[in-house]
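Some notes on the structure that comes next.
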Amino acid sequence: MVRRANRQRAPDLGRDRTGPARPFQYFAIADNTDLRDAWRKRGRYDVDALRTLYTGHHARAHLIVEALRNHVYDPTGMRALAFCVGVEHARFMEEVFTKAGIPSAVIDGETKAVDRSRVIRRLRDGDLACIFTVEVFNEGVDIPEIDTVLFLRPTESSTVFLQQLGRGLRHHEGKRCVTVLDFVGVAHTRFRYVDRFRAIVGPVGRRALATQVEQDFPFLPSGCIIQLDRVSKEIILDNIASRMKLDRRSLAGELRDCGETTLAGFLRSAELEPAELYRSGRTFSELKRIAGLPCGPAGPNESQIARGLGRLLHVDDRPRLDGWRAWIADEPLSPALRRMLFTTLLGADGVDLDAAEHTLRAHAALLDELRQLLDWLADRTTHSTLPFVHPTRLALEVHGTYRLNEIMSALGDVRNARLYIPREGVHFDVASRCNLLFVTLQKDEADYSPTTMYADYAIDSRRFHWQSQSGTRPQDVKGQRHVKHADEGITPLLFVREHKKDERNETVPYTFLGPVRCTRWEGERPMNIEWSLDVEMPAETLRIAKVIA
């Protein structure tokens, strides 16, 4: 699972006192340019090379004008921002647009404030249809009238891309949506289309993203579309696929070339997400050994622990991250948090806490890598969680993300020296009097029988529609736990996830939505229950859960 470095997505930009962001219509259009020779080291295109490629490129310029006429009803009446590679490029495009009857102007870093204000006012008044700009309107300028955004150069930074896109997503009376035209050339393999589309649709793995590209992004919010022409789709899919082919030797060679000795430095230099590094049981320590870089020797259980490291990438709350880092430094840690970590890294062998700790301490290289990974996760985590207040003081955070073994570790449900793992979607924990409801939103027919394809979805941010197990009736013991939970002193807890398996074929963790209350119900076998949440669900979870409805 990809980390949530920037949880803001395109549909969330522009939310302010004036109302929600406008829906967008995003079109990727192949422009017949080859950008591969314009790439430079350190993850960027060479500005001079791009300027040479674009300036005076009349065929591309006319293609842009034609695309605008195909996607905008009246280009002369639009209010557009167009992002260019340099001043010469901006002036060239302004001349092309003006000759085509689309009144335009240029604003760059040298434009005086009074002239800038005058040009912006003319755009707002409708005297101009387009402003061509160079690194001026990335942020800090609010022109809510903007209804069209043109990307006339590749943007390496997803943050800058979002800032530029956000110029058009501001709410303005009478503006129904924003039209975005992104002109796509044959990109260098190091250019990351993955980041661009993650910025639009939110955190998603590469294979899942490739599937969305192939299927024309079926899960966008209402009113939003992403449409790629045939060539641009091929370019983008090839670019995503090229980043999936990194094997151990290739990664070790890249590590050797970049000379990085820290996990965070390597991820940054190689432009990798941890999910890519930790695929197939790979570790940073293993790559260092292959690359001939200093690293401690492998321990006896290295391959087992290595697979476990890749199962920690979902962790997004401070109690676990801080507690586990403290444990590595030999500070005390609660049995529940130790059991969460040990069973994730060692599976069933992690239940015996003392034996598991002895095993892990024998792997100095992997423990150091674990510390670095937890540091990276902590630095990237902007996700807010809330303490779960309950008499049993379970080690769970509302809106935290947990694997099933972590949830059962928090409950301390160990039977015959093994951690109990429920096989059904409902589990009643006698000791804590908690009734756990496990929901998978996107149910695959390959994993679920016709009788377990339950209709589970969000009604709004505080209400969730849920179907009980197929044989449950309101008068049964299980049914009574649902409808009379308050009278029986039972706390229902709701856990949801989007899919059962991720792109690495790993089991997807659940987001803990906290305690819920039954507000209405009907039917039987299964029962249809409306749960009321004590805490509003996160916006991303709400978006996914409402799409299901």
Dump the intermediate steps for salt bridge (charged side-chain N to carboxylate O under 4.0 Å, His left out) on D460 and R463, then the final yes or no.
CA-CA 5 Å; D460 55 37; R463 294 185 299 158; 2.8 Å; yes
Can you tell me how far apart [atom1] ([X]) and [atom2] ([Y]) are? Round to the nearest 0.5 Å.
| X | Y | atom1 | atom2 | answer |
| --- | --- | --- | --- | --- |
| W376 | R371 | CH2 | CZ | 15.5 Å |
| L542 | I459 | CG | CD1 | 11.0 Å |
| R380 | D316 | CZ | CG | 13.5 Å |
| L374 | L309 | CG | CG | 9.0 Å |
| T33 | R153 | OG1 | CZ | 12.5 Å |
| S285 | D368 | OG | CG | 7.5 Å |

Residue of the set I225, V149, I226, T179 for which side-chain contact (heavy atoms from CB on, under 4.5 Å) holds with F24
I226
Sole residue of Y510, F495, F464 in side-chain contact (heavy atoms from CB on, under 4.5 Å) with V439:
F464
Is the distance between the ring centroids of F92 and F132 less than 6.0 Å?
no
Using only atom types and a distance under 3.5 Å, with no angle test, would you say the side chain of [X] pairs donor to acceptor with the backbone of [Y]?
| X | Y | answer |
| --- | --- | --- |
| R462 | D534 | yes |
| Y45 | H188 | yes |
| R497 | V508 | yes |
| E536 | S461 | no |
| E94 | V106 | no |
| R543 | F219 | yes |
| T98 | E95 | no |
| D229 | A30 | yes |

Could you go through the side chain to side chain contact (heavy atoms under 4.5 Å, CB included) check for T507 and K501 one step at a time?
CA-CA 5 Å; T507 301; K501 297 286 187 178; 3.4 Å; yes
Within-4.5 Å side-chain heavy-atom neighbours: [X] and [Y]:
| X | Y | result |
| --- | --- | --- |
| D31 | H57 | no |
| L313 | L373 | yes |
| F183 | L63 | yes |
| Q372 | T262 | yes |
| I200 | F161 | yes |
| V315 | T344 | no |
| V85 | L53 | no |
| I236 | F197 | yes |

Which pair of non-hydrogen atoms, one from [X] and one from [Y], has the smallest distance, and what is that distance?
| X | Y | value |
| --- | --- | --- |
| H399 | S384 | CB-O, 3.9 Å |
| L228 | A28 | CD2-CB, 3.3 Å |
| H314 | P509 | CB-CG, 3.6 Å |
| L152 | C84 | CD1-SG, 4.0 Å |
| C130 | A82 | SG-CB, 3.9 Å |
| A67 | I29 | CB-CD1, 3.7 Å |

Please evaluate residues L68 and L150 with respect to the criterion side chain to side chain contact (heavy atoms under 4.5 Å, CB included), reporting the C-alpha separation (whole Å), side-chain torsions for both, the decisive distance (0.1 Å), and the verdict.
CA-CA 9 Å; L68 193 60; L150 308 178; 4.0 Å; yes
Should the heavy atoms of other residues, nucleotides or ligands under 6.0 Å from [atom1] of [X] be counted, would the total exceed 12?
| X | atom1 | result |
| --- | --- | --- |
| D125 | CG | yes |
| R249 | CZ | no |
| R91 | CZ | no |

Test side chain to side chain contact (heavy atoms under 4.5 Å, CB included) on Y457 and L441 and set out the steps.
CA-CA 7 Å; Y457 56 86; L441 296 169; 5.6 Å; no
Could you go step by step and tell me if L237 and E214 meet the side chain to side chain contact (heavy atoms under 4.5 Å, CB included) rule?
CA-CA 8 Å; L237 286 173; E214 290 170 346; 3.8 Å; yes
Go through the side-chain N and O atoms of T159 and Q163 and say whether any donor and acceptor fall under 3.5 Å apart.
no
Contacts under 3.5 angstrom, residues 318-325 side chains, donor-acceptor by atom type, not counting sequence neighbours:
from : atom 1 : to   : atom 2 : distance (Å)
R318 : NH2    : A378 : O      : 3.0
R320 : NE     : D317 : OD1    : 2.5
R320 : NH1    : T401 : O      : 2.9
R320 : NH1    : E406 : OE1    : 3.3
R320 : NH1    : E406 : OE2    : 2.8
R320 : NH2    : D317 : OD1    : 2.4
R320 : NH2    : T401 : O      : 2.7
D322 : OD1    : R325 : NH2    : 2.7
W324 : NE1    : L337 : O      : 2.9
R325 : NE     : L321 : O      : 3.4
R325 : NH1    : D375 : OD1    : 3.0

